[in-house]
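Treat the numbers as computed from the prediction; the structure is a model and nothing was measured. Here is the naming used below: chain letters follow the sequence lines, and residue numbers restart at 1 for every chain.
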Amino acid sequence: MNTFSVRAFIPPLSRRCVPLRAMRQYAMQAPGAPTLEIFSHQQKWMQKERAAASATTSRDVDYLRDEAASRLCERLMDISRHFPHVLDLGANACNIARMLTFPSEDQLEAGPRSKRVSKITAADSSATLLHRDSELPFNKEINIHRQVLTTPETLPYEADTFDAVLSSLSMHWINDLPSVLAQVNHVLKPDSPFIGVMMGGDSLFELRTSLQLAEQDRRGGVSTHTSPLADVRDVGGLLQRTGFNLLTVDIDDIVVGFPDIFSLMKDLQAMGESNAVLSREKGAIQRDVLLAAEGIYRELHGNNDGTLPATFRLIYMIGWKPSPTQAKPLERGTGMFSIKDFLENEKKSGGGGEK
Amino acid sequence: MPGRTRPIDKFAGAVAKCSKEGSVYGKCIMADYNNVYKDKCLTEFLKLKECYLAAAKKR
């Protein structure tokens, strides 16, 4: 009986606040795999609330979310359908809804993208951030319904409710991604898409490495300053595991130039994207470390024109809820001609577009 | 917050005046960044810090 138990590694949650008597009960465990808590939801909620409390500062740093949301909307528009009811999960400041009211970049004359969406439900855990832009004129151009979630990991919706679920730049703060994706699959109507974008891979690797080097030199060890992020190859497996069909996963790198490391940190803070890893060192980064990190960042990654690049890697994922009527990929070996022959003929007969 | 400079802005302003020392320190770390240990570049860092403290005092 030498089975390995992970229970010893699960941190005792809120044990200190609970009186001892209340703790004497049966050890219960959620069915399925135990979930490890990595991010502090309370901390994240507080950061978002604080960031949104100053609306102007918060709007100034919307550039990244707007861009990601716009690219996400383009992907939604690629599906030639009408969407009666769409869920925006983790809506932040309803960036997707605002981007939907603009025309598509490919067809500027076709009118706003929201013509294809009858109703959008924007759900987020932070009420201040969610309602930040509720007075702006774009709210009248789209039928938007805002809903504050009690926790970011539970969807309070009936099965088969939505014709599409979108999610822009909020899934990287979710502890139990498989469970949330399974819930998304549950609330989708059959044969409906989930289109999401999350931070992943090597996002902010410049900041990560320079802080690590600075701490290594100044304090002789490293602590967590940037979140662990999902990688591209994880996302495919994750979608498949939670029951999605016809997967598409692709990445986009957005490199933003900053004058110094402090502007980058201030922008991240104003976005509400500060560090919320549970095992982070509480309190501010030491000045010595910051001073050292600035020098290292500039030397190691800085551009020739004196700006500091910060890479944001966006992972886009599209998955479809299975349905019997859905178009299926053909079975292996049913191809009528060989692509190899086709490509070779193409090359021989003038080469087409190739040189 | 209007009418008040955030500490980080003051800090950034002072650090910006020490780009030369910062670059010397950065180069020292860069020289062998796979093997960084505590106080590897102490002398360079102290120069950087001295410069920063002087710059911070001036304002």
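In terms of non-hydrogen atom pairs under 4.5 Å with chain B, the most contact-rich of Q216(A), E294(A), R218(A), R287(A) is R218(A).
R59(A) has no carboxylate O lying under 4.0 Å from a charged side-chain N of D66(A), or vice versa, which leaves the two without a salt bridge. Between R219(A) and D288(A) there is no salt bridge, since no side-chain N of the basic residue sits under 4.0 Å from a carboxylate O of the acidic one.
Looking at Y33(B), the atoms closer than 4.5 Å to chain A (heavy atoms on both sides) sit in the backbone and in the side chain alike. Looking at D217(A), both its backbone and its side chain come within 4.5 Å of chain B, counting heavy atoms on both sides.
Between F262(A) and F11(B), the angle of the ring planes goes over 60°, which puts this pair in the perpendicular group of the 30/60° scheme.
Between F258(A) and L264(A) the shortest heavy-atom distance is CE1-CD1, 3.5 Å.
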